[in-house]
Number of protein chains: 2
Amino acid sequence: MYKLYGMRDSGNCYKVRLLLNHLDLPCENIATDILQGETRTDEFLALNPNGKVPLLICPDGRPLAESNAILTYLAEGTDYLPEDSYEGALVFQWLFFEQYSHERFIATNRFWMHLERSAATHRAQIEANHGPGLAALGVMNDHLAERDFFVGDRYSIADIALYAYTHVADEGGYDLSVFPHVRRWIADVAQQPRHQLMSA
Amino acid sequence: MYKLYGMRDSGNCYKVRLLLNHLDLPCENIATDILQGETRTDEFLALNPNGKVPLLICPDGRPLAESNAILTYLAEGTDYLPEDSYEGALVFQWLFFEQYSHERFIATNRFWMHLERSAATHRAQIEANHGPGLAALGVMNDHLAERDFFVGDRYSIADIALYAYTHVADEGGYDLSVFPHVRRWIADVAQQPRHQLMSA
């Protein structure tokens with residue numbers, strides 16, 4: 001069985017739980033609290049020297065880090081990663097967009113405002129992040145104006161990765177009412193078979 | 001033939017040029033200067049709405065963005081991306097590590113200090129980035145203490161992606177002399193057949 005070191009309120013960890021549920025793969029969840037320093041212990045750093053969750057332990061004991069690498073590994077050969085090499089590359093394009101142009105602004109502000117509740121300490125960074133976060137949501141909104149899902153008009157790990165922090169972007173101070181296509185897509189993702197809530 | 005919109009001094013663009021050269025794939029380079037706003041024109045945004053280089057145009061005219069997605073696309077089925085699915089996943093793990101834990105601290109500081117020459121304006125951010133950048137180099141150094149290359153003891157796109165900004169990290173204020181295994185690996189990467197300098 002897979003083991004997943006993760007934190008319930010982390011979108012990066014949620015992505016992996018969501019895909020595991022879609023694939024009906026059983027997994028032991030090991031609660032790992034970032035706020036309590038549980039990713040910085042010697043024991044955890046021996047498994048992931050970069051000190052981050054999610055961390056997947058494969059049934060044979062081998063570890064794999066980075067949420068979007070885990071999605072790619074689990075999705076290979078399934079309906080959640082297109083076989084066509086250009087469409088597959090577009091999925092990767094959106095996975096890298098998510099980590100570089102989206103998560104670091106939207107998830108980071110949510111972390112300070114909603115999880116760590118340290119907004120006062122990080123006010124300047126929160127303000128600096130807000131514009132780039134809006135820009136990322138704008139790119140998504142324009143893309144979704146003409147398509148149901150991010151790649152090939154089919155739900156894929158590109159959608160799963162982007163959904164994780166977008167559907168709770170309000171917790172990072174982002175008003176989604178100005179992004180109607182993103183809101184329509186969020187509703188569509190939640191209607192997928194075997195969808196699971198972040199809080200589940 | 002491929003076309004590549006890129007900027008010579010950008011490590012993200014260099015990654016793609018380096019892999020194209022390894023694969024002996026001819027490519028038309030279209031110089032696109034970030035500092036002159038050339039990624040924010042209507043013409044460019046029509047090709048990449050996220051407004052970033054590198055941007056690859058495939059021989060059939062289809063565009064692909066995000067440096068590490070481009071590497072993945074070009075490397076598929078070659079010696080630069082392991083066939084084994086776990087080793088392939090480890091390559092992705094390092095590609096996401098590169099964008100999330102490395103590039104945003106090391107490349108960003110190099111951009112301000114070396115390319116834009118705006119260090120005075122960004123002093124606080126440069127200082128805030130320095131620690132996480134050192135941490136990323138430390139993770140790399142520890143990993144390379146026991147291996148020749150990042151995954152499977154074989155040169156892959158994980159090495160190409162990480163080499164691009166690591167070998168010029170001094171231009172972002174990082175002293176590599178304290179990371180001897182990283183320095184050994186940099187020398188080994190430069191010895192690979194068909195290696196090409198960033199300035200080429």
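In what follows, every heavy atom counts, from backbone to side chain, and hydrogens, waters and symmetry copies are set aside. Lettering of chains follows the sequences in order, A, B, ..., and the numbering in each one begins at 1.
- In the hydrophobic clustering of ILVMFWY residues, with side-chain heavy atoms under 4.5 Å counting as a link, B:V178 and B:L137 come out together.
- The contact between B:S85 and chain A is made by backbone and side chain atoms together, counting heavy-atom distances below 4.5 Å.
- If you chain together hydrophobic residues whose side chains sit under 4.5 Å apart, A:Y14 and A:I57 never meet in one group.
- Under the 4.5 Å side-chain heavy-atom criterion for grouping Ile, Leu, Val, Met, Phe, Trp and Tyr, B:F150 is connected to B:L74 within one hydrophobic cluster.
- Note: A:N68 leads A:I70, A:N68, A:T72, A:V139 in heavy-atom pairs under 4.5 Å with chain B.
- Crowding of A:D42 atom CG: a count of heavy atoms from other residues, nucleotides or ligands under 6.0 Å not exceeding 12.
- Looking at every heavy atom in both residues, B:A69 comes nearest to A:A89 through CB-O, 3.9 Å.
- Annotation for B:S101 and A:N50: closest pair OG-ND2, 3.2 Å, computed over non-hydrogen atoms.
- Using the six-membered ring where Trp is involved, A:Y86 and B:Y73 have ring planes that are perpendicular, over 60° apart on the 30 and 60° scheme.
- Among A:E76, A:R104, A:K52, the residue with the largest count of heavy-atom pairs under 4.5 Å with chain B is A:R104.
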Quiz prompt | Candidate pair B:E103 and A:Y100, rule side-chain hydrogen bond (donor to acceptor under 3.5 Å, both in side chains), full reasoning | solution = CA-CA 9 Å; B:E103 197 272 9; A:Y100 196 80; 2.6 Å; yes
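- In terms of hydrophobic clustering, with Ile, Leu, Val, Met, Phe, Trp and Tyr side chains grouped at heavy-atom distances under 4.5 Å, A:M198 and A:V16 are assigned to a common cluster.
- With a 4.5 angstrom heavy-atom cutoff, B:D142 does not touch chain A via any of its atoms.
- Atom CG of B:L55 is separated from atom CD of A:Q93 by 8.0 Å, given to the nearest 0.5 angstrom.
- Around the CZ atom of B:R183, the shell of radius 6.0 Å holds no more than 12 heavy atoms that belong to other residues, nucleotides or ligands.
- Clustering ILVMFWY residues whenever any of their side-chain heavy atoms sit less than 4.5 angstrom apart, transitively, puts B:V168 in a cluster other than the one holding B:L115.
- In this structure A:E98 satisfies the salt bridge (charged side-chain N to carboxylate O under 4.0 Å, His left out) test together with A:K15, sequence neighbours excluded.
- Heavy atoms closer than 4.5 Å to chain A are found in both the backbone and the side chain of B:Q99.
- With contacts defined as side-chain heavy-atom distances shorter than 4.5 Å, the pair B:F96/A:L95 qualifies.
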